[in-house]
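For reference, the structure discussed in these notes is given below.
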Amino acid sequence: MTALDTQIAALLRRVAAEAILPRYQSLAAHEVIAKAVNDMVTIADTEAEVLLADGLHAIMPEAAIVGEEAVHADPSLSARLDSGLCWIIDPVDGTNNFAAGKPPFGIILALSDGGATQSGWIYDPLTDRLCIAHKGKGAFVNGKRVTARPTGETPPIAAISTVFLDPAARAAVQQRIAPYYTLVDIPRCAAEQYPRLVLGVNDISVFERTLPWDHAAGVLFVNEAGGKAARPDGSPYRTDQHGQKGLFAASSPALFDEFVTRSSAD
């Protein structure tokens, strides 16, 4: 681990211990708010984001900060992603799970520079699993370098959410994808879904919404591990692609290419 990783790891564990784990399975009704359909926020999210932002500013004060809950309150803050160094915070990824008192959930941090993700950290407070990736330097789980491995299953295992798909897109999944893959439930938590692609649990994941706090760190983690995560046309995922939808991730480039072919077939 680098000196930065050590600082980030300490910050993640402290924030989890102070703001998140004490409220796990202990939330009062008034501490859970629906931001939108299928989108919850809890007091743990808001308090953790403040602590993380303060800690990240102390580590690297020259970097801007974009947090999920801060952007929800003030969407103009997303402009900070467009130039220069920027911390990206998802204080509790998998909030719906957390609010229901069940795993998985996690903390996701990323550091971007001019829209390109440079580093990412994905932390599971319940298991103390810390996934780290730095651009051009590989991917690590709890300090050990990892290489993405497919499940080896036939057909391959695909975790595909249809929550945010329109009816036509849902029908396309059933027609083009379902016959060639074993479809499994998504964990509703990017902090779990991306590690599953590297650790031999899933082969394919598909995302419709591609918000940077959900995906910047995970895309880097999969790619640095030797898998492939990119836009459906193969172009790189960037944090400054505001509002752009569609993202595929796979445990190998070959599985990615095969899935692109299947998903685009007439």
Side-chain angles (χ1 to χ4, degrees), residues 38 88 90 93-94 104 106 108 110 112 115-117 120 122 131 133 135 139 146-266:
N38 292 312
I88 305 168
D90 190 339
D93 183 67
I108 305 176
S112 67
T117 308
I122 305 172
C131 302
K135 189 174 182 179
V146 292
T147 300
R149 61 179 189 271
T151 65
E153 296 291 329
T154 302
I157 297 175
I160 300 176
S161 172
T162 60
V163 171
F164 299 105
L165 298 181
D166 60 34
R170 288 194 186 99
V173 168
Q174 292 302 317
Q175 294 169 5
R176 300 174 180 175
I177 303 303
Y180 305 100
Y181 295 88
T182 299
L183 301 185
V184 298
D185 289 338
I186 63 167
R188 300 200 70 181
C189 173
E192 174 64 19
Q193 199 154 355
Y194 281 107
R196 288 184 181 186
L197 291 167
V198 171
L199 300 176
V201 179
N202 293 161
D203 293 300
I204 297 289
S205 287
V206 176
F207 307 94
E208 179 70 359
R209 294 199 310 174
T210 64
L211 298 166
W213 40 83
D214 290 326
H215 298 287
V219 167
L220 183 66
F221 181 67
V222 168
N223 286 331
E224 286 296 321
K228 184 171 181 179
R231 297 294 184 181
D233 64 1
S235 61
Y237 174 84
R238 293 178 55 85
T239 63
D240 56 359
Q241 296 165 324
H242 305 286
Q244 186 168 337
K245 295 183 178 181
L247 176 64
F248 295 167
S251 54
S252 75
L255 283 165
F256 181 96
D257 292 342
E258 179 184 348
F259 187 80
V260 169
T261 300
R262 295 288 188 196
S263 63
S264 60
D266 293 329

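All residue numbers in this chain count up from 1 along the given sequence. Source: prediction; values computed, not measured. Just so it is clear, the values below take in all heavy atoms, side chains as well, and ignore hydrogens, waters and symmetry mates.
- For Val260 against Ser263, the heavy-atom pair with the smallest separation is O-OG, 3.0 Å.
- In this view, Ala148 and Val198, Ala225 satisfy the side-chain contact (heavy atoms from CB on, under 4.5 Å) rule, not counting sequence neighbours.
- Every residue two or more places apart in sequence or in another chain that forms a side-chain contact (heavy atoms from CB on, under 4.5 Å) with Ala216 is listed here: Ile88, Ala110, Thr117, Tyr237, Thr239.
- Residues Val146 and Phe221 form a side-chain contact, since some pair of their non-hydrogen atoms from C-beta on lies under 4.5 Å apart.
- The nearest pair of heavy atoms linking Asp214 to Ile108 is O-CD1, 3.8 Å.
- Sorted by first and then second residue, the pairs that involve residues 220-239 and meet salt bridge (Lys or Arg N to Asp or Glu O under 4.0 Å), not counting sequence neighbours, are Lys228-Asp257, Arg238-Asp240.
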Checklist entry - Which is it for Arg262 and Arg176 under the side-chain contact (heavy atoms from CB on, under 4.5 Å) test, yes or no, and what are the steps along the way? => result CA-CA 6 Å; Arg262 295 288 188 196; Arg176 300 174 180 175; 5.7 Å; no

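- Of all heavy-atom pairs spanning Cys189 and Gly94, the tightest one is CB-CA, 4.0 Å.
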Solution key, residues 151-158 side-chain donor-acceptor pairs under 3.5 Å, sequence neighbours excluded:
from	atom 1	to	atom 2	distance (Å)
Thr151	OG1	Glu153	N	3.1
Thr151	OG1	Asp203	OD1	3.3
Thr151	OG1	Asp203	OD2	2.5

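- Rounding to the nearest 0.5 Å gives a distance of 11.5 Å between CG of Leu255 and CG of Asn202.
- The backbone N or O of Gly106 sits nowhere less than 3.5 Å from a side-chain atom of Asp93 that would complete a donor-acceptor pair.
- Taking Ala254 as the reference, Ser252 meet the side-chain contact (heavy atoms from CB on, under 4.5 Å) condition, with sequence neighbours excluded.
- Counting only residues at least two apart or on different chains, the ring-ring contact (aromatic ring centres under 6.0 Å, His included) pairs with a member in residues 239-261 are Tyr181-Phe259, Phe248-Phe259.
- Closest of all the heavy-atom pairs between Ala249 and Leu197 is CB-CD1, 3.5 Å.
- If you take OG1 on Thr147 and CG on Leu199, they are separated by 11.0 Å, rounding to the nearest 0.5 Å.
- In plain terms, the two heavy atoms of Ile204 and Ala250 that are nearest each other are CD1-CB, 3.6 Å.
- The CG atom of Leu247 lies 11.0 Å from the CG atom of Leu211; values are rounded to the nearest 0.5 Å.
- In this structure Arg196 satisfies the salt bridge (charged side-chain N to carboxylate O under 4.0 Å, His left out) test together with Glu192, sequence neighbours excluded.
- When the ring-ring contact (aromatic ring centres under 6.0 Å, His included) test is applied to Tyr194, the partners found at least two apart in sequence or on another chain are Phe207, His215.
- For Leu183 against Ala178, the heavy-atom pair with the smallest separation is CD1-CB, 3.8 Å.
- Here Ser205 pairs with Gln193 under the side chain to side chain donor-acceptor pair (under 3.5 Å) rule; sequence neighbours left out.
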